There are 2 protein chains.
Amino acid sequence: MVVDQSSLTDAEVDRIFRALADATRRDIVRRTLLGEASVSELATAYAMSFAAVQKHVAVLEGAGLVTKQARGRERIVTADPDRIAQARQLLTALEELWRARFGQLDAVLADPPTAPRSPAGPGPTPDPTT
Amino acid sequence: MVVDQSSLTDAEVDRIFRALADATRRDIVRRTLLGEASVSELATAYAMSFAAVQKHVAVLEGAGLVTKQARGRERIVTADPDRIAQARQLLTALEELWRARFGQLDAVLADPPTAPRSPAGPGPTPDPTT
DNA sequence: GTAACGTACAACCACATGGTTGTAGATCAG
DNA sequence: CTGATCTACAACCATGTGGTTGTACGTTAC
């Protein structure tokens, strides 16, 4: 019932999910959710070059999942929980869409005289040839 | 509170989010959540070749987001809402991780009999010794 | 000032991805 | 059987991705 005003472009959603489709980046999100960390601090945690971690952070930043702020010569990375919530909301919306498939149930309850139909949807009649 | 035993590999999570990082594939998931559809039926909905849609379905299938079942010469595609729920749960876990940053408040409320943990401090003193 | 540190960025490489076309095999309709 | 449909799969191409190394520049420490 919560009408979510996502206002996310397809391209933005692409970037968000793509950014999350990497274990290193998910771990960076975890760490920066728990507490801010500089890029170099993050880099020490992974078996890859500093530049590689830098790129991962850039991908996360491009997806809006983290933000960078300058502090002296360091760049402090902080995760944005709202962005994650938006992503989660997208998945929740999908699940609710699925629920709507059986949601004729509500219609049935509101419309008793209707014959109990199978939730096969607006497709052709199921033809089990097996 | 509900301890979800996802038991998802990093590689699996990668595949799930990567599969969701494409507008066409997300739309296929939507359609097949609402009702089953053959690959050729899906293909008519997009401005690309049948083979391209076939590949998208294969990516979704590889991620476990949809399943294919043979029906005559057609392959019926059906989305798996459980898989989507798993993905959502991963994001929820991240958000809860963030909440933990602001104190064991929830932990205290949800875990009364346990001895009071040492106040890890909600301040910016992260020391994630993995 | 000099050296070390943290970052940015470019160039490069191997490989995956998203698309195409083409060919071939099953299956349904006539 | 013949033809149309649906699918599978291979080959190919352009582009993106994840990693590397190297260089340059601002900032901190001494």
Side-chain angles (χ1 to χ4, degrees), chain A residues 10-29 31-32 35-63 65-78 123-130, chain B residues 9-29 31-32 36-63 65-78 124 126:
Chain A
D10 272 353
E12 285 177 306
V13 179
D14 286 7
R15 264 179 263 131
I16 292 174
F17 282 125
R18 165 164 284 276
L20 290 171
D22 181 284
T24 301
R25 287 198 288 262
R26 286 194 299 274
D27 196 68
I28 291 177
V29 170
R31 288 172 186 267
T32 55
E36 53 183 31
S38 70
V39 181
S40 58
E41 280 172 348
L42 290 172
T44 63
Y46 310 105
M48 63 183 72
S49 68
F50 172 82
V53 176
Q54 214 176 10
K55 282 190 181 182
H56 282 306
V57 172
V59 170
L60 289 169
E61 194 181 15
L65 286 165
V66 306
T67 53
K68 265 191 303 182
Q69 49 180 334
R71 179 183 300 176
R73 61 183 165 185
E74 295 183 336
R75 297 297 180 276
I76 304 301
V77 182
T78 316
T125 306
D127 188 20
T129 52
T130 317
Chain B
T9 323
D10 271 354
E12 285 176 306
V13 180
D14 286 7
R15 263 178 263 130
I16 292 174
F17 282 126
R18 167 167 284 275
L20 290 170
D22 182 283
T24 301
R25 287 198 289 263
R26 286 192 299 275
D27 196 68
I28 291 177
V29 169
R31 288 172 186 268
T32 56
E36 53 184 32
S38 70
V39 180
S40 58
E41 280 173 348
L42 290 172
T44 63
Y46 310 105
M48 65 185 72
S49 68
F50 171 83
V53 175
Q54 214 177 10
K55 282 190 180 182
H56 281 305
V57 172
V59 170
L60 289 169
E61 194 181 15
L65 286 165
V66 306
T67 53
K68 265 190 305 184
Q69 48 182 334
R71 177 183 300 176
R73 62 183 164 185
E74 296 183 337
R75 297 298 179 273
I76 304 300
V77 183
T78 316

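Computed from a prediction, not measured in an experiment: that's the story for all the values here. Residue numbering restarts at 1 for every chain, and letters A, B, ... go by the order of the sequence lines.
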* So, B:Glu36 and B:Arg71, do they make that salt bridge, N to O below 4.0 Å? -> yes

* At under 4.0 Å, does any side-chain N or O of B:Arg75 touch on OP1 or OP2 of D:dA8? -> yes

* To do: Could you check how far CD1 of A:Ile28 sits from C1' of D:dG18, rounded to whole Å?
  => 12 Å

* Asked: Within less than 4.0 Å of OP1 or OP2 of C:dA8, is there a side-chain N or O belonging to A:Gln54?
  -> yes

* Asked: Does the side chain of A:Val39 reach to within under 4.5 Å of the side chain of A:Val77, using non-hydrogen atoms?
  -> yes

* To do: For nucleotides 14-26 of chain C, just jot down a letter per nucleotide in 5' to 3' order: B, S or -, based on protein non-hydrogen atoms under 4.0 Å.
  => ---SSBBB-----

* Side chain proximity check, B:Leu42 to B:Val57, heavy atoms < 4.5 angstrom -> yes

* To do: Return yes if some donor-acceptor pair links the side-chain N/O of A:Arg25 with the main-chain N/O of A:His56 below 3.5 Å, else return no.
  => no

* Asked: Whole-Å distance between D:dT7 P and B:Glu61 CD?
  -> 13 Å

* **Under-4.0 Å salt bridge between B:Asp22 and B:Arg26** => no

* Looking only at side-chain N and O atoms, does B:Ser40 come under 4.0 Å of OP1 or OP2 in D:dT5? -> no

* Interatomic distance where CG belongs to B:Leu42 and P belongs to D:dC6 [whole Å] -> 12 Å

* Apply the side-chain contact (heavy atoms from CB on, under 4.5 Å) test between A:Ile28 and each candidate in A:Val59, A:Leu65, A:Leu60; give the one that qualifies. => A:Leu60

